[in-house]
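Here the structure comes first, spelled out in structure tokens, and everything after it is commentary.
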Amino acid sequence: MNWHDWILANEVSIRLSFFFGIFAAVALWEVLAPRRVLMLSRGGRWSSNLGLVVLNSVVLRLLFPAAAVGVAALAEQQGWGLLNLYRLPDLFTVVIAVVALDFVIWLQHVMVHAIPLFWRLHRVHHADLDYDLTTGARFHPLEIILSMLIKFAAILVLGPPVLAVVIFEVLLNATSMFNHGNIRIPERIDRVLRLFLVTPDMHRVHHSVHAPLTNSNFGFNLPWWDRLFGTYVAQPPEGHVAMEIGLADLRDPKQVDRLPGMLLLPFVRQLGEYTINRRW
């Protein structure tokens, strides 16, 4: 069995190994060096947020058993996509594909803030009254389905290698848990680190209750897109400890931090004023 077939056969195991490893590391970091004092009990929030993760995993496996890696393998076999039309060095192809897929996810993130229908789904992620590593995994099942369809389309157009898709999926999950972590990083280290990677302090700004800040710092993995397109905000005006997390019009823990309320959240009447054109 070559490496290509081995990755296809073990893709789920690879992703789960990294997920649990990074989860454990960030969870320990949160205990040893927390950035903020959490408002709600960890047990209640974690059971709801992780319950949503389990539900989403089941939904994806039922609807898309091949997942993104299977689509990449199909595109490679059929010669579909830009990167399958031109022969480039393997390492160069993998790097291009990972960076391009990250840009697609950045664009998707901007889109779900800009289109009211999609914002209804995405606000499940933003409505969390606290901010820790489980926030990075709480997305409504309908948004997860939308995200997977966009990912499929991007893979078919781009034609990335299977290895690149696995690396991207692992990085996306790992960095989402890291940059949503309630962890303290010395400012001098954070200042350098955020030149190459979205840090918790950088992304936490995006979860501010204030709409202009909610529409900044959209990146999950690479920090360059926000700087390039003018959506980068270095720090919240009130500081990270004092800043309020969540959505101004959704403050009931039973509605926003319990699984039944989270699943119903896209269908409640109030939409809020977090459209993309409402910035400074």
Side-chain angles (χ1 to χ4, degrees), residues 3 6-8 10-35 42 45-46 49-50 52-54 56-57 60-61 67-69 72 91 94-109 122 125-126 128 130-139 143-144 147-148 150-151 154-155 160-186 189-190 192-207 217-226:
W3 67 266
W6 184 86
I7 289 176
L8 286 176
N10 295 279
E11 178 254 342
V12 174
S13 298
I14 293 170
R15 292 183 59 187
L16 285 177
S17 298
F18 276 99
F19 175 85
F20 287 116
I22 298 297
F23 187 96
V26 176
L28 179 61
W29 195 344
E30 288 187 340
V31 172
L32 297 177
R35 186 68 161 99
R42 183 179 278 111
R45 282 185 58 257
W46 278 33
N49 289 352
L50 296 178
L52 199 54
V53 173
V54 172
N56 288 337
S57 299
L60 287 181
R61 280 297 159 184
V69 171
L91 179 60
V94 169
V95 171
I96 290 175
V98 170
V99 172
L101 288 171
D102 189 78
F103 181 57
V104 169
I105 294 300
W106 184 88
L107 286 174
Q108 174 191 317
H109 197 176
H122 186 61
H125 176 66
H126 276 269
D128 199 346
D130 275 321
Y131 185 93
D132 66 13
L133 80 160
T134 64
T135 308
R138 57 170 272 168
F139 295 92
E143 183 178 5
I144 289 294
S147 179
M148 186 60 74
I150 291 172
K151 202 178 295 182
I155 289 171
V162 167
L163 177 60
V165 174
V166 173
I167 291 173
F168 172 72
E169 294 277 66
V170 167
L171 281 176
L172 187 63
N173 287 331
T175 54
S176 183
M177 286 187 284
F178 167 71
N179 60 46
H180 286 89
N182 181 35
I183 55 180
R184 185 173 66 251
I185 298 176
I189 296 177
D190 179 89
V192 175
L193 191 59
R194 67 170 58 193
L195 296 175
F196 310 98
L197 180 70
V198 175
T199 66
D201 275 11
M202 179 178 170
H203 191 70
R204 191 180 295 106
V205 176
H206 180 74
H207 282 258
N217 297 9
F218 292 97
F220 273 91
N221 182 17
L222 300 176
W224 311 324
W225 315 122
D226 287 299

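Just so we're clear, the structure is a prediction, and the values are computed from it rather than from any experiment.
Side-chain contact between Val198 and Thr175 is absent, with no heavy atoms from C-beta onward closer than 4.5 Å. The side-chain heavy atoms of Phe103 and Val99, taken from C-beta on, include no pair separated by under 4.5 Å.
Between the side chain of Asp226 and the backbone N or O of Phe218, at least one donor-acceptor pair lies under 3.5 Å. Checking side-chain atoms of Asn217 against main-chain N and O of Met202 turns up a donor-acceptor pair under 3.5 Å. For the pair Asp102 (side chain) and Val98 (backbone), a donor-acceptor distance under 3.5 Å is absent. The main-chain N or O of Glu143 is never found under 3.5 Å from a side-chain atom of Ser147 such that the two would form a donor-acceptor pair.
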**Pair Asp132-Thr135, side-chain contact (heavy atoms from CB on, under 4.5 Å): steps then yes or no** = CA-CA 6 Å; Asp132 66 13; Thr135 308; 3.8 Å; yes
**Message:** Between Val166 and Val69, is the side-chain contact (heavy atoms from CB on, under 4.5 Å) condition met? List the steps.
**Reply:** CA-CA 7 Å; Val166 173; Val69 171; 3.7 Å; yes
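Interatomic distance, Met148 CE to Leu60 CG, rounded to the nearest 0.5 Å: 4.5 Å. Here Asn173 contributes atom CG and Asn221 contributes atom CG; the two are 11.0 Å apart, rounded to the nearest 0.5 Å. Here CD1 of Ile167 is found 13.5 Å from CG of Leu172. Values are rounded to the nearest 0.5 Å.
His203 and Tyr131 have tilted rings, their planes meeting at an angle from 30° to 60° on a 0 to 90° scale. A tilted orientation is assigned to the rings of Phe139 and Phe220, their planes being inclined by 30° to 60°. Ring orientation note: the planes of His125 and His122 are tilted relative to one another, at an angle of 30° to 60°.
Considering every non-hydrogen atom in both Thr199 and Phe178, the closest pair reads CA-CE2, 4.1 Å. Of all heavy-atom pairs spanning Leu195 and Trp224, the tightest one is O-NE1, 2.9 Å. Closest non-hydrogen pair, Leu222 versus Phe196, comes out as CD2-O, 4.1 Å. Nearest heavy atoms, Ile185 versus Asp190: CG2-N, 3.9 Å. Heavy-atom minimum distance, Leu133 versus Ala27: CD1-N, 4.0 Å. When every heavy atom of Ile183 is checked against every heavy atom of Arg35, the shortest pair comes out as O-CB, 3.5 Å.
A salt bridge is absent between Asp201 and Arg194: the closest approach of a Lys/Arg side-chain nitrogen to an acidic carboxylate oxygen does not fall below 4.0 angstrom.
The environment of CZ in Phe18 is sparse: at most 12 heavy-atom neighbours from other residues, nucleotides or ligands sit within 6.0 Å.
Under the side-chain contact (heavy atoms from CB on, under 4.5 Å) criterion, Ile22 pairs with Val26, Ala174, Met177, not counting sequence neighbours. Contacts of Val53 classified as side-chain contact (heavy atoms from CB on, under 4.5 Å), with partners at least two apart in sequence or in another chain: Leu50, Ser57, Ala137.
Listed by first and then second residue, the salt bridge (charged side-chain N to carboxylate O under 4.0 Å, His left out) pairs that reach into residues 168-184 are Arg15-Glu169, Lys151-Glu169, sequence neighbours excluded.
Aromatic pair His109/His206: ring centres closer than 6.0 Å.
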